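Below is one structure; the comments refer to it alone.
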Amino acid sequence: MNAAEPLQGSPALSLEPVAARSSDGTARPGAAFFDLDKTVIAKASTLAFSRPLYQGGLLARRDVLKVAYSHLLFRLGGSADEVQMARTRDYVAELSRGWPAEEVKSIVNETLDELIAPAVYAEAAALIEAHRSAGRAVVLVSASGEEMVAPIGRMLGATDVIASRMVVGDDGRYTGEIDFYAAGPAKADAIKEFASARGVDLDASFAYSDSITDEPMLRTVGYPRAVNPDRGLRRLAQEEGWPQLTFRRPVALRPPLSKPSPLKVAAVGVGVAAVAYVVWRVWRDRRFRTA
């Protein structure tokens, strides 16, 4: 499948899936399912948006630090433990209680070009385009909220998204409950439901992730791929013979905004963002020392 190979010859599309056929003889296409954080973008989406949410008055400074610390623990643990995932889910739900849903969407859309577009891996963008050219649906699958994931999906040219969904009350604010949390086995279940509804052949489909927490998702498809894998996923990929891909080159998909965003960075906001960045660097350095 040389015409669809991504940049630098990554073997992600080196196998040409044979589409299954339905009972009436028509071919059923495969799809490509992408985890978002550290797989398509070189940062954590929730952590990235914590700065503008703080500037918009939705997050307190201590909450931003808690988000960064919680993310650090999750990444260092590399664990598929359901208790830890449940704690993260409940923390996010409680944190967002009372937020106006439309204001969150507005903040995300305003800061998308600034925060996310420059962080997209060039290799991931090439893969997404290659899969679309091959006629496959491209689906972002992320534990981040739908309000964050859907705009990122549109920016990347994904055809669909599977993301966590918060409950919005009659007053237009988050109630503090989660209708669906797209993590662990729930990702795999959602992918199976998507495939059933869209007539997708999972045996002819691809899945990409960096985390061992996505083992259930990777096992739902015929062509699992480990991208920048954590220790747990690296070990699993070696045991299963799954290809391991290294994405290194973030590239801006769009030119930067020509004028400052209304959510201008305040000095204290820069300080909070810097702390979050340092926390990420600590995780990264520790990962490389222990790899």
Side-chain angles (χ1 to χ4, degrees), residues 12-13 15 17 19-20 28-41 44-46 71 74-75 77-90 92-93 124 127-128 131 136-146 148-150 152-153 156 158-166 178-245:
L13 298 177
L15 297 177
R28 291 193 294 122
F33 301 94
F34 287 84
D35 174 50
L36 180 59
D37 299 350
K38 306 300 176 65
T39 301
V40 172
I41 60 176
S45 52
T46 301
H71 178 73
F74 184 78
R75 299 298 303 185
S79 172
D81 183 80
E82 292 186 8
V83 174
Q84 179 60 40
M85 281 191 264
R87 287 174 180 167
T88 303
R89 176 199 63 206
D90 295 342
V92 170
L127 268 175
I128 288 171
H131 281 300
R136 299 185 188 99
V138 174
V139 187
L140 287 188
V141 189
S142 174
S144 295
E146 202 169 51
M148 296 180 184
V149 181
I152 296 174
L156 293 167
T159 56
D160 299 272
V161 300
I162 294 172
S164 297
R165 296 188 300 272
M166 309 294 292
I178 295 183
D179 181 50
F180 171 68
Y181 186 54
K187 278 190 177 183
D189 293 340
I191 286 172
K192 291 173 184 175
E193 291 176 8
F194 175 89
S196 177
R198 301 294 184 89
V200 167
D201 176 20
L202 288 177
D203 288 336
S205 295
F206 296 77
Y208 302 85
S209 178
D210 72 303
S211 174
I212 189 61
T213 61
D214 284 334
E215 178 182 353
M217 165 181 157
L218 293 168
R219 290 195 182 278
T220 62
V221 301
Y223 300 91
R225 303 292 189 249
V227 177
N228 300 339
D230 60 24
R231 282 176 292 170
L233 183 56
R234 186 184 306 121
R235 185 164 48 247
L236 177 64
Q238 289 169 346
E239 293 171 355
E240 297 291 340
W242 296 346
Q244 298 186 53
L245 312 179

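From a predicted model like this one, the values you see are computed outputs, not experimental measurements.
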For the residue pair [X] and [Y], what are the closest heavy atoms and their distance?
| X | Y | result |
| --- | --- | --- |
| Ser144 | Val149 | O-CG2, 3.6 Å |
| Phe206 | Val221 | C-CG2, 3.9 Å |
| Met217 | Tyr208 | CE-O, 3.5 Å |
| Gly30 | Ser205 | CA-OG, 3.5 Å |
| Pro243 | Pro224 | CD-O, 3.7 Å |

Distance (rounded to the nearest 0.5 Å) between [X] [atom1] and [Y] [atom2]:
| X | Y | atom1 | atom2 | value |
| --- | --- | --- | --- | --- |
| Leu236 | Ile212 | CG | CD1 | 4.5 Å |
| Asn228 | Asp210 | CG | CG | 7.0 Å |
| Arg235 | Asp230 | CZ | CG | 9.0 Å |
| Ile152 | Leu36 | CD1 | CG | 5.0 Å |
| Leu233 | Gln244 | CG | CD | 7.0 Å |
| Thr220 | Lys187 | OG1 | NZ | 11.0 Å |

- Any residue meeting side-chain hydrogen bond (donor to acceptor under 3.5 Å, both in side chains) with Gln238, in chain and number order, not counting sequence neighbours: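 Gln238 satisfies side-chain hydrogen bond (donor to acceptor under 3.5 Å, both in side chains) with no other residue.
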
- Message: Donor-acceptor check, side chain of Ser196 to backbone of Lys192, threshold 3.5 angstrom: yes or no?
- Response: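 No, Ser196 side chain to Lys192 backbone: no donor-acceptor pair under 3.5 Å.
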
Only pairs under 3.5 Å count here: list side-chain donor-acceptor contacts from residues 158-166, not counting sequence neighbours, and write none if there are none.
| unit_1 | atom_1 | unit_2 | atom_2 | d |
| --- | --- | --- | --- | --- |
| Thr159 | OG1 | Val138 | N | 2.9 |
| Thr159 | OG1 | Val138 | O | 2.9 |
| Asp160 | OD1 | Arg198 | NH1 | 3.2 |
| Asp160 | OD1 | Arg198 | NH2 | 2.8 |
| Asp160 | OD2 | Arg198 | NH1 | 3.4 |
| Ser164 | OG | Ala143 | O | 2.6 |
| Ser164 | OG | Ala182 | N | 3.0 |
| Arg165 | NE | Asp179 | OD2 | 3.3 |
| Arg165 | NH2 | Asp179 | OD2 | 3.4 |

- Query: Under 30°, 30 to 60°, or over 60°: which ring-plane class applies to Phe194 and Phe33, parallel, tilted or perpendicular?
  - Reply: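 Answer is perpendicular, since the angle exceeds 60°.
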
- Task: For Phe34 and Leu127, run side chain to side chain contact (heavy atoms under 4.5 Å, CB included): C-alpha distance rounded to whole Å, both residues' side-chain angles, the deciding distance at 0.1 Å, then the answer.
- Result: CA-CA 10 Å; Phe34 287 84; Leu127 268 175; 4.0 Å; yes

- Item | Contacts of Ser209 that satisfy side-chain contact (heavy atoms from CB on, under 4.5 Å) - sequence neighbours left out | Asp35, Ser211, Asp214, Leu218

